[in-house]
Asks: 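Sharing a structure with you now.
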Protein chains: 2
Amino acid sequence: MEMERYKSNRDFIGFVSGLCALEKDAAALLSQQLETVSFKKGEAILEQGSICRYVYYINSGLVKTGFENKERTFIMRFFAEGATFTVLDSYLSQNPSAYKIEALENTVLTRISRTEMDKLCFRFHPMETFFRKLVSMASVNMMSRIGEMLEEKAAARYENFLRENPGLIQRISLGDLAGYLGITQVSLSRIRSGI
Amino acid sequence: MEMERYKSNRDFIGFVSGLCALEKDAAALLSQQLETVSFKKGEAILEQGSICRYVYYINSGLVKTGFENKERTFIMRFFAEGATFTVLDSYLSQNPSAYKIEALENTVLTRISRTEMDKLCFRFHPMETFFRKLVSMASVNMMSRIGEMLEEKAAARYENFLRENPGLIQRISLGDLAGYLGITQVSLSRIRSGI
DNA sequence: TCGAAAATTTATCAAATGATAAAAACTATA
DNA sequence: TATAGTTTTTATCATTTGATAAATTTTCGA
């Protein structure tokens, strides 16, 4: 991980402003607390078992969140440029995370620590509104994911993923996509071959 | 559905107060906006295709949220006494809900409309904090559900459900539990028989 | 550019789950 | 309490996915 000081904080501020009516002084304070960090392809942004202390915004690149057991690895979600993410349970509880975050490409992130985020949310109502909306969007996304996992077989979920993420498929390996679908890469290869 | 005026609003207010520092006047205004409604076992609290206009608190009883396609029905989640719930995507978007809510037992609910909730969240920062925490808890819950669905076969998910919801199993039918696990009731019966 | 490592495909057999039907057990109510 | 309706179980066969191994293709660094 490499830490920079260049200020592309604007994108993240813009993202926040798009979700709430952020006052000038709140935006200024928020900007002060942001830091920009870079990760090389394959680097871990958060290790499984470490505490997630930040909310991240992706300036460029691609990351996956997921976990591994003895045999396999599973993907919770992919995040690309313009997305904001964290590992919510670890971030909120400040307990070790069951999930890992890894850069799938060289990735530039803007982040804010939980400590500073809490201060801002306490002081500025719109920041809390932003966080509420952020978590709400994640919830709605997970609801449909759960519904789809209940209802559809892996082949249908694969087709849905292709349809809904046309831009991502060239950037994600077969193995990672299989991990997202909850099947083995051999099974996904078979599904793709259309047998 | 039967509408009552008896004020067991206290339980819901207590639930809210447990998650945020609710001021006296906010609590008073909140209490004014609550209404208590009763549903008989089997009644629909929200039809699939209707708009979810409320956040609900369960004073007594048990409900399921879920959806059906042509062949089968699936359960998103069960909620019992002391729980607070809504159909988040429909509640937020005010679009028709893909999910139904149904009473599994005679159930008494305290509810607040989205309109009034928005007013309170706008006016009182702690109410927004409450809502943020409510959605956060739902998110954390769904994260582990997704992780479990990726990682575990139905038999293991069934064992986990028994372990984590010892009080619910006597109150839920085999069919509904199968719908929650995403398998047929015949499959669940087979799993239970230990073949 | 070559060659080793990694990713993907193909093949085979086993295990998990679905679909269907029928029997058995349970529930509610006339 | 008798009976009709519902829920659960049991059984059989089909489909989906997993495990393993080996072949093929791709990627990437020396």
Side-chain angles (χ1 to χ4, degrees), chain A residues 39-44 61-62 64 66-75 78 102-106 145-162 168-195, chain B residues 40-44 62 64 66-75 78 102-106 145-162 168-195:
Chain A
F39 294 86
K40 293 240 167 66
K41 175 177 178 171
E43 257 189 299
L62 181 65
K64 64 176 175 184
F67 61 99
E68 13 196 297
N69 64 18
K70 293 164 240 155
E71 298 108 24
R72 303 206 270 151
T73 80
F74 303 93
I75 309 298
F78 304 98
E102 187 181 325
L104 292 178
E105 302 172 354
N106 293 339
R145 173 105 177 266
I146 290 172
E148 191 195 36
M149 291 176 87
L150 290 175
E151 189 178 10
E152 305 289 4
K153 301 223 169 286
R157 300 205 305 275
Y158 170 69
E159 298 295 343
N160 291 347
F161 188 93
L162 292 191
L168 280 188
I169 37 183
Q170 310 91 314
R171 301 165 71 186
I172 295 174
S173 75
L174 178 84
D176 279 340
L177 186 44
Y180 180 84
L181 297 172
I183 59 178
T184 63
Q185 51 215 121
V186 175
S187 291
L188 180 52
S189 180
R190 171 168 45 196
I191 286 171
R192 282 216 283 202
S193 86
I195 291 181
Chain B
K40 293 240 167 64
K41 175 176 179 172
E43 258 190 299
L62 181 66
K64 64 176 174 183
F67 62 98
E68 11 196 298
N69 64 18
K70 294 163 241 157
E71 299 107 24
R72 301 207 269 152
T73 79
F74 303 92
I75 308 298
F78 303 98
E102 186 180 326
L104 292 178
E105 301 171 354
N106 294 338
R145 174 107 179 263
I146 290 172
E148 191 195 36
M149 290 176 87
L150 290 175
E151 189 177 10
E152 305 289 3
K153 302 226 168 283
R157 300 206 306 276
Y158 169 69
E159 298 296 342
N160 291 347
F161 188 92
L162 293 191
L168 280 188
I169 36 183
Q170 311 91 313
R171 301 165 71 186
I172 295 174
S173 75
L174 178 85
D176 279 339
L177 186 45
Y180 180 85
L181 297 172
I183 59 178
T184 63
Q185 52 215 122
V186 175
S187 291
L188 180 52
S189 180
R190 172 168 43 197
I191 285 171
R192 279 216 285 201
S193 86
I195 290 180

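Side chains included, hydrogens not; waters and symmetry mates left out as well; all remaining heavy atoms used. Proteins get letters first, then strands, A, B, ... in listed order; numbering begins at 1 in each.
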Asks: Between C/dT8, D/dT17, D/dA11, which nucleotide has the shortest distance from any of its atoms to the side chain of B/V186?
Replies: D/dA11
Asks: At 4.0 Å (heavy atoms only), tell me whether B/T184 reaches a base, stays on the sugar-phosphate, or touches nothing.
Replies: sugar-phosphate
Asks: For B/R192 and D/dT8, is the shortest distance between a side-chain N/O and OP1 or OP2 below 4.0 Å?
Replies: no
Asks: Identify each donor-acceptor pair in which a side-chain atom of residues 152-159 of chain B lies under 3.5 Å from a protein atom, sequence neighbours left out, and give them as a table.
Replies:
residue	atom	partner	partner atom	Å
B/R157	NH1	B/E152	O	3.0
B/R157	NH2	B/L181	O	2.3

Asks: Starting the side chain at C-beta, find the nucleotide from D/dT9, D/dG18, C/dT8 nearest to B/L174.
Replies: D/dT9
Asks: For DNA chain C, which residues of residues 147-161 of chain B approach it to below 4.0 angstrom with any heavy atom?
Replies: B/K153, B/A154
Asks: To the nearest 10 degrees, what angle separates the axes at the start and end of the helix from C/dT1-D/dA30 to C/dA30-D/dT1, five pairs each?
Replies: 40°
Asks: Confirm from the modelled atom types if B/R190 and C/dG18 form a donor-acceptor pair under 3.5 Å, side chain to base only.
Replies: yes
Asks: Could you state the atom-to-atom distance from CD of B/Q185 to P of D/dT6 in whole Å?
Replies: 13 Å
Asks: Roughly how far apart are A/N106 CG and A/K41 NZ, rounded to 0.5 Å?
Replies: 8.0 Å
Asks: Picking from D/dC28, C/dT10, D/dT17, which would you name as closest to the side chain of A/K41?
Replies: D/dC28
Asks: Counting heavy atoms from C-beta on, name the nucleotide in C/dG18, C/dT9, D/dT8 closest to the side chain of B/S187.
Replies: C/dG18
